[in-house]
> 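Structure provided below as structure tokens; questions to follow.
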Amino acid sequence: MARLEAAGLLDRAVAGLPDEAALRARAAAGEGLTRPELAALLPFAKLWLLDAIGEGALPDDPALHPLLMAYFPQALRTGFAPQIGRHRLRRELVATILANLAANRLGPAAIGRLAAEAGGEAIARAAWLAAEAFGIEDAACRADAAPAAPAMRLRALLGLRRVQEGVARALLATPGPLQAALDTLRPGVAALAEGQAARPSPEASSLAADGIPHDVAVLAMGGSRLAAAPAILRLAAEAGVLPAQAAAAWDAAGTGFGLDALRAAVEAARVPGPLGARARAEALADLAAVQARLARARLSGATRRPRRARRRRCGCRGRRRRRATCFPPGGSPGARRAALNKAFAWAAYDWANSAFPTVVSTFVIAAYFAQGVAPDR
Amino acid sequence: VTGQSQWGWTQSAAGFAIALLSPVLGAIADAGGRRRLMLALATALTAALTALIWFARPDPAFALYLLVCVGLATVAFEVATVFYNSMLPQVAPPDRVGRISGLGWGLGYAGGLACLGVALVALVQPDPSPLGLDRGQAEHVRATALLVAAWLAVFSLPALLALPDPPGAATRLGGGRAAGTGRDRRAGPRAAALPAPRAVPARAAVLHRRQNTLFAFGAIYAPASSAWASPRSSFRHRMTSRGGWARRASRWCEDRIGLRARTVLIALAP
């Protein structure tokens with residue numbers, strides 16, 4: 001809300017939303033915003049997204065063309081397809097549709113969290129990619145239409161929202177045209193989703209038993225596991241292995257080092273203050289990076305004796321020297337030696353010039369001046 | 001009190017001059033420039049001004065002379081440091097900046113202590129002096145200035161000889177100065193090679209300045225308020241060695257955690 005106010009979009013008093021003090025009181029009582037308040041906030045989140053999208057190049061991405069086409073009635077689509085592509089308001093239309101999709105599915109709270117990490121355009125982009133890659137939109141519609149109790153449907157929708165937010169967060173920095181990004185994601189996502197469907201979690205099974213379609217239940221209860229999909233796929237591409245193998249290594253690293261528990265703790269931690277959300281995001285990103293590194297090491301089979309292996313590659317003897325000065329990791333022994341010599345030559349200057357502050361400005365000459373040259377009277 | 005306050009004013013004036021000079025010089029240095037030449041000149045100037053302290057006899061008439069020497073030497077020293085620091089990217093790949101720089105700090109503290117030790121053992125303490133220094137004229141203390149000058153000149157040679165200017169550096173000072181005033185974008189990519197370029201000087205400035213102040217005044221108060229510091233003054237040892245370890249620890253943290261906002265975040269997040 002503070003962000004929206006800063007952007008000049010929102011006036012809480014006018015919109016009937018609680019001010020900071022009231023929010024703090026509610027947070028202390030463990031309460032959040034009420035449904036009507038969320039409903040009042042949603043359009044502002046959309047406006048903010050719309051502004052951000054409208055300024056960038058995102059609406060011109062060819063992968064979004066189907067969105068534009070779908071906006072027009074069937075009759076126009078068949079007869080006037082080229083004209084639609086040249087419609088004067090096409091950018092505005094696409095931006096509006098994207099903003100609506102992202103805000104409706106993710107909700108203002110998730111957008112607020114993502115906004116701590118990226119701009120509106122990147123959020124809309126990542127939200128669209130996540131939804132497309134996992135078929136969130138379709139799954140959400142089917143969950144909504146399922147013959148299940150309202151509470152169960154809500155649970156499934158909330159699960160889908162969580163998955164989309166997690167995936168979108170991982171995709172915030174995806175560069176390049178949308179279609180290319182999607183093409184690299186899709187096969188891996190399909191493989192991962194299959195693996196997930198083959199051994200559904202207990203939550204997913206119970207949800208499916210209550211009438212939610214099985215695949216939707218699996219997707220909705222995928223949680224942080226599916227949110228890690230982009231990282232797993234990156235890992236698979238880097239290590240040159242199948243997505244399933246990368247996922248197995250990822251999971252092994254997560255359980256073996258207790259990273260999953262850490263992640264759950266970070267997600268559950270209360271992080272007040274303006275930097276709290278950002279700190280949490282950084283902590284999660286760190287965890288993901290650590291997990292990716294561990295999984296990669298596992299895939300390359302280097303986990304057995306890492307210390308020995310690294311020392312050999314480095315070519316230095318002794319633990320201390322290795323840690324202090326071994327660089328660069330590659331290169332010929334001669335190049336390494338030259339680099340090391342340079343580093344020591346550079347550092348030797350510190351040995352030389354520290355004599356001045358120590359002897360002159362601090363101990364000997366300073367005392368000589370205060371006592372010998374200009375003594376107290 | 002006169003001596004202490006005069007010394008303090010000189011340090012402040014030197015600090016002020018450095019505060020004005022170093023952003024400009026730093027930008028020139030980072031943009032390439034002739035770092036080695038500048039480093040050599042600044043070092044030579046520091047050594048020469050330090051050597052001139054030898055002529056300051058224990059007489060209030062020499063107070064101004066000594067303060068001018070020390071003040072100018074301090075400015076030259078800091079200018080040299082600016083160029084010295086700008087050479088760090090030449091010797092350290094981005095992921096090792098913290099460690100190499102920490103190596104420098106470690107050697108720096110060792111060097112400072114070593115020079116102090118040599119000064120005390122070889123010059124200040126022996127009575128009568130084997131070198132024929134006249135204690136009545138405080139020559140045994142003044143000679144430490146010559147020692148520091150020689151120390152600087154000799155031990156700065158490896159860096160000056162082994163580290164040529166990087167290829168493609170601006171050959172004329174003019175090119176560097178344009179960058180120094182911030183109108184030349186060429187400084188951008190080079191600076192970007194360092195992790196979070198702005199964080200390094202900011203953190204270093206705070207830590208460095210605070211410690212310098214602590215040291216400078218801590219030591220000048222100590223001998224004035226008690227007897228002239230004994231050679232094994234625990235105060236001196238504690239200050240120097242603990243400072244070294246604190247800095248090394250902070251350097252290590254840099255490489256471990258990364259310099260970016262994360263360090264701050266870790267400090268701020270509950």
Side-chain angles (χ1 to χ4, degrees), chain A residues 266 269-283 285-286 289 321-331 338-377, chain B residues 1-4 6-7 46 50 53 56 58-60 62-63 66 70 73-74 77 80 84 87-88 91-93 96 99-100 103-105 107-112 115-116 119 138 141 144-145 148 151-152 155-156 158-159 162-163 212 215-216 219-220 223-224 228-229 236 262 265 268-270:
Chain A
V266 170
R270 290 162 52 84
V271 282
L275 282 171
R278 180 124 186 84
R280 187 206 323 251
E282 288 280 345
D286 275 354
R321 286 190 61 191
R322 173 172 59 81
R323 295 193 50 182
T325 52
C326 270
F327 75 90
L340 201 61
N341 285 344
K342 271 190 172 184
F344 269 104
W346 181 85
Y349 186 86
D350 242 318
W351 167 280
N353 84 345
S354 294
F356 178 80
T358 311
V359 175
V360 176
S361 351
T362 308
F363 293 116
V364 182
I365 301 297
Y368 168 62
F369 178 77
Q371 295 184 330
V373 181
D376 297 354
R377 244 151 299 195
Chain B
V1 180
T2 14
Q4 281 174 38
Q6 283 171 357
W7 186 269
T46 312
T50 307
I53 294 174
D59 180 330
F62 285 93
L66 198 156
V70 169
T74 304
F77 169 82
Y84 170 58
M87 292 167 109
L88 175 58
V91 300
R96 287 289 184 277
R99 276 176 206 182
I100 306 285
L103 176 70
W105 281 121
L107 275 183
Y109 273 90
C115 185
L116 186 64
V141 177
T144 58
V148 170
W151 190 278
L152 255 174
F155 291 115
S156 64
L163 302 177
N212 265 9
F215 280 2
I220 206 167
W228 157 237
R236 169 168 59 233
R262 219 169 290 171
L265 286 166
L268 291 179

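Chain letters run A, B, ... following the sequence lines, proteins first and then strands; every chain starts at 1.
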> Considering all heavy atoms of both residues, which atom of A:Phe369 and which atom of B:Trp7 are nearest to each other, and what is their separation?
CD2-CE3, 3.6 Å
> Please find the pair of heavy atoms, one from B:Gln6 and one from A:Ala374, that lie closest to each other, and give the distance.
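Where B:Gln6 meets A:Ala374 most closely, the heavy atoms are OE1-CB, 3.9 Å.
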> If I measure from the heavy atoms of chain A, does B:Leu152 come under 4.5 Å with its side chain, its backbone, both, or neither?
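Answer is both: backbone and side chain atoms of B:Leu152 are under 4.5 Å from chain A.
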> What part of B:Thr74 lies closer than 4.5 angstrom to a heavy atom of chain A: side chain, backbone, both or neither?
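Contact with chain A involves both backbone and side-chain atoms of B:Thr74.
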> Would you say the side-chain atoms of A:Ser354 pair up with the backbone N or O of B:Gly108, donor to acceptor, closer than 3.5 Å?
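Yes, the answer is positive, given that a donor and an acceptor are paired below the 3.5 Å cut-off.
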> Does the side chain of A:Asp350 come under 3.5 Å of the side chain of B:Tyr84 through a donor N or O and an acceptor N or O?
yes
> side-chain contact (heavy atoms from CB on, under 4.5 Å) between A:Tyr368 and B:Leu66: does it pass, once the steps are laid out?
CA-CA 10 Å; A:Tyr368 168 62; B:Leu66 198 156; 3.9 Å; yes
> Find out whether B:Leu116 and A:Val364 are in side-chain contact, i.e. whether some heavy atom of one side chain is under 4.5 Å from a heavy atom of the other.
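Touching, per the 4.5 Å side-chain cut-off.
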> How close do B:Ile100 and A:Ala343 get, heavy atom to heavy atom, and via which atoms?
CD1-CB, 3.7 Å
> Please report the shortest heavy-atom distance between A:Tyr349 and B:Ala80, naming the atom on each side.
OH-CB, 3.5 Å
> Looking at A:Ala345 and B:Ala159, what are the two nearest heavy atoms and their distance?
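Looking at all heavy atoms of both residues, the closest pair is O-CB, 3.3 Å.
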> Could you tell me which non-hydrogen atom of A:Ala348 sits nearest to which non-hydrogen atom of B:Leu107, and how far apart they are?
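Taking A:Ala348 first and B:Leu107 second, the nearest heavy atoms are N-CD1, 4.1 Å.
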> How far does SG of B:Cys115 sit from CZ of A:Phe356, to the nearest 0.5 angstrom?
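Reported value, rounded in 0.5 Å steps: 11.5 Å.
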> Roughly how far apart are A:Phe363 CZ and B:Thr144 OG1, rounded to 0.5 Å?
13.0 Å
> Within this structure, what is the OG1-CD1 distance for the pair B:Thr50 and A:Ile365, rounded to the nearest 0.5 Å?
9.0 Å
> Select, from B:Val70, B:Val148, B:Thr46, B:Ile53, the one with the greatest count of heavy-atom pairs under 4.5 Å involving chain A.
B:Val148
